[in-house]
Amino acid sequence: MARDRAHHRGPSTAFDAAGIGIPSVSCTYNVIHPDKARRRQQTDEARRLISLSGLLGAEVVTLCTGTRDADDMWRAHPANSAADAWKDLRTTIEELLPAAADAGVVLGIEPEPGNVVRDARHAARLLAELGDSAPIGIIFDPANLLTPSTVDQQERILTEAVDLLGPRIVGAQAKDVVDGGYSAAGMGAMNYDLVFRLLSRIGPVPVIVQDAAEDDARRVHDDLVRRYAAARVGQ
């Protein structure tokens, strides 16, 4: 899934000159929204955004695999596990793949507990169905694969995820698992030494920090860089 560098042109040169990298662009919307007209409109808009994303130097365009909840894109719904939800997901993704191929970018799917692709096994299923040549990869957010009740099993759960998804991981996100939701990395029970050891198996990928306040960003950055470096040394 190597990126065709011929797609780097235009505005990306300004970011390059400033030393700013844009590894990914968000194209996040509810790809299985129960309102078909709304889904149609947003999918058309998504194709347009994907076609322009390479101009920023981005290599990945991120997507949400959706929910049947009409009001909250991140909220689970009983119908998410139905066959028609998976069919609609496939239909929408397949409409976006040609735009990604033309733009020289990869669509990044992020497993989310409230969405159709809710864990690593569902992500692996989607990748297998779309095929190895499809311009699609996985955004690995370890906190999304855990809950406060399963965080003590994180070595098993996260190792399985990396074993399943391996080279199709095109980016990672860093936040932490706490009671009642998420927090900045280092404020909960996530073992980032483990996370970076696992990611070191697949080579460098961009890491996007989430859920960090501005006044805590330096601590999070320095801690993650230290743990990343230690993982690389220990290879």
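What you see is a predicted model, and the numbers here were worked out from it, not measured in a lab.
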Rounded to the nearest 0.5 Å, what separates atom [atom1] in [X] from atom [atom2] in [Y]?
{"X": "Glu160", "Y": "Arg121", "atom1": "CD", "atom2": "CZ", "value": "4.0 Å"}
{"X": "Ser24", "Y": "Ile139", "atom1": "OG", "atom2": "CD1", "value": "6.0 Å"}
{"X": "Cys27", "Y": "Leu63", "atom1": "SG", "atom2": "CG", "value": "5.5 Å"}
{"X": "Thr92", "Y": "Gln42", "atom1": "OG1", "atom2": "CD", "value": "10.5 Å"}
{"X": "Asn30", "Y": "Arg39", "atom1": "CG", "atom2": "CZ", "value": "8.0 Å"}
{"X": "Tyr182", "Y": "Asp211", "atom1": "OH", "atom2": "CG", "value": "9.0 Å"}

Open item on the list: Over 60° means perpendicular and under 30° means parallel, so tell me whether Tyr228 and Phe196 are parallel, tilted or perpendicular.
Closed with: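 Judged by the thresholds at 30° and 60°, the geometry between Tyr228 and Phe196 is perpendicular.
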Task: Main-chain N/O of Ala189 paired with Asp176 side-chain donor or acceptor, under 3.5 Å - done: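 Yes.
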Open item on the list: Quick check against the 3.5 Å criterion: does Ser53 have a side-chain atom that pairs as donor or acceptor with the backbone of Val25?
Closed with: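 Side chain of Ser53 to backbone of Val25, a donor-acceptor pair under 3.5 Å: no, none is there.
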Minimum heavy-atom separation for [X] and [Y], please, with both atom names.
{"X": "Leu145", "Y": "Ala120", "answer": "CD2-N, 4.1 Å"}
{"X": "His122", "Y": "Val116", "answer": "CD2-O, 3.9 Å"}
{"X": "Pro111", "Y": "Arg118", "answer": "CB-C, 4.3 Å"}
{"X": "Ile138", "Y": "Ala123", "answer": "CD1-CB, 3.8 Å"}
{"X": "Leu89", "Y": "Ile32", "answer": "N-CG2, 3.5 Å"}
{"X": "Arg68", "Y": "Ala79", "answer": "CG-CB, 3.7 Å"}

Consider only side-chain heavy atoms of I, L, V, M, F, W and Y, link residues closer than 4.5 Å, and tell whether [X] and [Y] are in one cluster.
{"X": "Ile109", "Y": "Val205", "answer": "yes"}
{"X": "Val162", "Y": "Leu164", "answer": "yes"}
{"X": "Leu130", "Y": "Trp86", "answer": "yes"}
{"X": "Val209", "Y": "Leu198", "answer": "yes"}

Task: Qualifying residue, where the test is side chain to side chain donor-acceptor pair (under 3.5 Å) with Asp44 and the options are Gln41, Arg48, Arg40 - done: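 Checked Gln41, Arg48, Arg40 against Asp44; only one passes side chain to side chain donor-acceptor pair (under 3.5 Å): Arg40.
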Task: Residue pair Arg201 / Thr159, side-chain heavy-atom distance below 4.5 Å - done: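 A side-chain contact under 4.5 Å exists here.
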- [ ] Under 4.5 Å between side-chain heavy atoms, chaining through other members, with only Ile, Leu, Val, Met, Phe, Trp and Tyr counted: pull out the rest of the cluster around Met73, sorted by chain and number.
- [x]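 Once heavy-atom contacts under 4.5 Å are chained together, Met73 belongs with Trp74.
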Task: From CA spacing to verdict: side chain to side chain contact (heavy atoms under 4.5 Å, CB included), Gln154, Val177 - done: CA-CA 11 Å; Gln154 61 183 292; Val177 179; over 6 Å; no
Task: Heavy atoms of other groups near Glu129 CD, more than 12 under 6.0 Å - done: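 Correct, the count exceeds 12.
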Task: Worked check of salt bridge (Lys or Arg N to Asp or Glu O under 4.0 Å) between Asp88 and Lys36 - done: CA-CA 10 Å; Asp88 285 345; Lys36 293 182 179 180; over 6 Å; no
Task: CA sep, side-chain torsions, deciding dist, call: Asp69, Arg75, salt bridge (Lys or Arg N to Asp or Glu O under 4.0 Å) - done: CA-CA 6 Å; Asp69 189 289; Arg75 189 160 56 203; 2.7 Å; yes
Task: Pairs satisfying side chain to side chain donor-acceptor pair (under 3.5 Å), at least one member in residues 185-197, at least two apart - done: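 Only Asp193-Arg227 qualify under side chain to side chain donor-acceptor pair (under 3.5 Å).
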